[in-house]
2 protein chains.
Amino acid sequence: MSSADQPSAEELLEHLSQLYPDLSPQLKKAAAYLMENRVEFALQPIRKTADAVDVAPSTFMRLAKTLGFDRYDSLRQVFQRSLQEGQGNFSSRADSLIELGGRCEQQGVVAEMAGCTYRGIEELFGEEMVSRIKQAAELILASPQVHVLGLRDSYSCAYHLAYVGSVAMSHIRLVRAQEGSLFTELARIDKGDLLIAFAFHPYTRETIEASRIAIEQGAQLICITDSLRSPLVPGAKVVLEVQTETPNFFPSIVTSITLIEALLAVCVARGGKKMLTKIRRFDQQMEDLGGYYTEE
Amino acid sequence: MSSADQPSAEELLEHLSQLYPDLSPQLKKAAAYLMENRVEFALQPIRKTADAVDVAPSTFMRLAKTLGFDRYDSLRQVFQRSLQEGQGNFSSRADSLIELGGRCEQQGVVAEMAGCTYRGIEELFGEEMVSRIKQAAELILASPQVHVLGLRDSYSCAYHLAYVGSVAMSHIRLVRAQEGSLFTELARIDKGDLLIAFAFHPYTRETIEASRIAIEQGAQLICITDSLRSPLVPGAKVVLEVQTETPNFFPSIVTSITLIEALLAVCVARGGKKMLTKIRRFDQQMEDLGGYYTEE
DNA sequence: TGAGTAAAAGTACGTTTGTATTATTTTTTA
DNA sequence: TAAAAAATAATACAAACGTACTTTTACTCA
């Protein structure tokens with residue numbers, strides 16, 4: 001047990017399973033339901049819960065008191081909280097990392113960062129996200145041209161996607177915005193093309209304007225951004241939301257980079273052999289041109 | 001949309017994010033809360049939710065109706081259901097993301113990537129690494145000039161470090177290598193300066209040569225690379241080794257980016273107030289110059 | 001058999017809930 | 001600048017809620 005005040009759901013269930021054999025028949029029914037339906041239990045009011053087991057509401061009140069709670073709601077809150085925390089694999093490790101970090105100042109910062117990173121990545125590999133990544137990959141493979149746009153703090157993302165992506169898929173290119181060339185570059189976006197745009201808060205004005213223009217020109221948009229409220233979202237075909245929170249003064253791009261690499265992996269997996277030979281050819285060329293370092 | 005009867009939470013949030021720009025101010029506040037606190041929204045009654053946003057309860061009712069629901073509870077139930085499902089599929093499996101992989105081909109790739117990413121980051125936050133990060137930060141803060149070099153697949157790393165870093169520390173600059181300007185740029189590296197160089201296998205020839213020249217010129221070197229046998233290591237003052245392995249055809253830069261952000265965090269933590277005012281001034285300037293997007 | 005005693009169900013009540021309605025403020029339009 | 005419209009806040013109320021209390025049931029033991 002960690003704290004008598006607010007036991008975790010797991011601790012509680014373990015405690016309950018020990019008490020179980022000695023409970024009265026009705027309390028057993030109630031306890032059994034709780035053990036096997038924690039989520040429903042957390043969400044439903046006492047009356048609905050009681051109905052589900054065909055038991056009087058007061059039975060669940062007695063159960064709460066048997067477990068040492070003063071009120072029914074305290075019991076239910078335990079399970080609501082466990083829902084909120086999501087009890088994810090990474091998050092729990094992250095928490096322990098943070099606890100560990102308190103020792104010295106810098107380690108604290110780093111540990112907190114680690115926590116954010118873990119949480120961000122965990123979200124990234126959820127089912128919903130994976131299916132979106134697949135959608136995005138589909139779009140990339142189907143489009144005649146793919147333009148990648150990211151400015152300022154998002155430029156690293158755009159560059160990474162465009163550089164690595166173009167090795168495997170020659171129809172991917174980076175939208176450059178040096179010396180005010182952005183809007184000239186936009187002219188190269190044709191109807192039916194795909195634009196992949198990156199923007200994190202505070203959003204760079206040009207990125208927003210550029211993607212609106214692209215949509216007007218008949219292009220499709222995939223946006224990678226930090227919130228569903230981002231000005232990039234309206235009009236986007238696929239929205240890839242990433243976690244950018246961090247104790248730092250700038251938004252973290254770690255999850256975005258991870259997303260990019262996952263996206264590329266899926267593209268290659270779908271792209272088949274054609275793509276593999278393309279990659280091999282690129283490697284060969286680099287070697288022939290002396291682009292790579294070889295010892296002595 | 002799949003079913004008009006009971007849209008999924010994700011569909012709903014996407015729908016909402018499309019509507020978002022046209023909502024009234026108060027409805028935006030409510031919508032924003034919903035988009036970023038789905039779990040709390042599912043658990044709390046309307047009054048608590050309204051209080052959290054400092055909005056009248058009726059605002060949330062209007063939000064529900066705006067989204068096409070007849071009653072507030074129907075909206076909340078959508079998120080309650082998504083809680084139930086999310087809980088069942090994921091966390092109850094509890095162990096590792098990799099287990100999740102087998103289901104379909106693409107998900108397998110993604111899951112394996114998740115594993116690599118996780119391992120890489122875990123290594124990064126070990127004690128040994130943290131102490132090296134501190135050494136590196138010390139060097140950065142002590143040097144009169146810091147040059148950041150990374151080419152090809154490492155350019156995103158170099159750019160990220162230099163761009164974000166220069167916001168807080170004006171003595172950080174990116175070494176550019178466009179149109180063969182690399183060696184001209186190297187002339188700017190003085191004795192006592194610091195060079196931070198990135199290179200991953202297969203190592204780009206110019207990066208290796210450039211850092212050797214820099215050392216000859218009396219500069220110190222921090223290298224961020226994927227192996228202790230990397231040609232960048234000899235002569236380096238601090239070596240930061242990162243994990244780049246991944247099922248992909250290119251080395252992953254996720255851990256490098258994470259390292260960069262940790263490094264910056266430590267720099268800022270040590271840099272004190274001077275740095276904070278510098279960051280604030282940058283923000284102010286960007287806002288004044290209209291660099292950031294603001295709604296309407 | 002019938003008092004005694006847990007356990008369970010039922011009842012009643014003050015709160016809190018969602019919601020329709022009305023009032024107020026803000027914004028738009030003429 | 002005044003009127004009209006829209007958006008927001010306040011109010012009121014019935015339904016549903018948790019919970020204390022009472023009644024009924026089931027069982028134990030003189």
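Letters A, B, ... are given to chains in the order of the sequence lines, protein chains preceding strands, and every chain is numbered from 1.
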OP1 or OP2 of dG18(C) under 4.0 Å from side-chain N/O of Arg76(B): yes
salt_bridge(Glu36(B), Arg229(A)) N-O dist < 4.0 Å: yes
Whole-Å gap separating C1' (dT19(D)) and CZ (Phe69(A)): 17 Å
5'-most by nearest nucleotide on DNA chain D - Lys65(A) or Lys48(A): Lys48(A)
Nearest-angstrom distance from the residue atom CE of Met61(A) to P of dA9(C): 15 Å
Near-ring test Tyr155(A)/Tyr159(B), centroid separation under 6.0 angstrom: yes
Provide a list of protein-nucleic acid N or O atom pairs under 3.5 angstrom, restricted to nucleotides 22-29 of chain D.
none

Main-chain N/O of Ala42(B) paired with Gln80(B) side-chain donor or acceptor, under 3.5 Å: yes
Show me the protein contacts with nucleotides 5-11 of chain D, counting only N or O atoms at under 3.5 Å.
| residue | atom | partner | partner atom | Å |
| --- | --- | --- | --- | --- |
| dT8(D) | OP1 | Ser24(B) | OG | 3.4 |
| dT8(D) | OP1 | Pro25(B) | N | 3.4 |
| dT8(D) | OP1 | Gln26(B) | N | 2.8 |
| dT8(D) | OP2 | Ser24(B) | OG | 2.2 |
| dT8(D) | OP2 | Arg62(B) | NH1 | 3.4 |
| dT8(D) | O3' | Gln26(B) | NE2 | 3.4 |
| dA9(D) | OP1 | Gln26(B) | NE2 | 2.9 |
| dA9(D) | OP2 | Gln26(B) | NE2 | 3.0 |

Length of the line joining Gln80(A):CD and dG18(D):P, which is rounded to integer Å: 10 Å
Sugar-phosphate, base or nothing in reach of Lys29(B), heavy atoms under 4.0 Å: nothing
Distance, rounded to the nearest Å, where Ile46(A) contributes CD1 and dT11(C) contributes P: 17 Å
Electrostatic pair Arg205(A)-Glu209(A), nearest N-O below 4.0 angstrom: yes
Atom-pair distance (CG on Asp73(A); P on dC17(D)), nearest Å: 13 Å
Pair Glu261(B)-Ser252(A), side-chain donor/acceptor within less than 3.5 Å: yes
Separation of atom CG in Asp51(A) from atom C1' in dC17(D), rounded to whole Å: 13 Å
Side-chain donor-acceptor pair present, Asp226(A), Ser230(A), cut-off under 3.5 Å: no
Whole-Å gap separating C1' (dG18(D)) and CD (Gln44(A)): 15 Å
Note: Arg76(B)-Asp73(B) ion pair, threshold 4.0 Å (strictly below): yes
salt_bridge(Arg280(B), Asp283(B)) N-O dist < 4.0 Å: no
dG18(C) OP1/OP2 closer than 4.0 Å to side-chain N/O of Arg71(B): no
Protein-nucleotide distance (Asp22(A), atom CG; dA7(C), atom P), rounded to Å: 12 Å
Short side-chain donor-acceptor distance under 3.5 Å, Arg62(B) and Thr59(B): yes
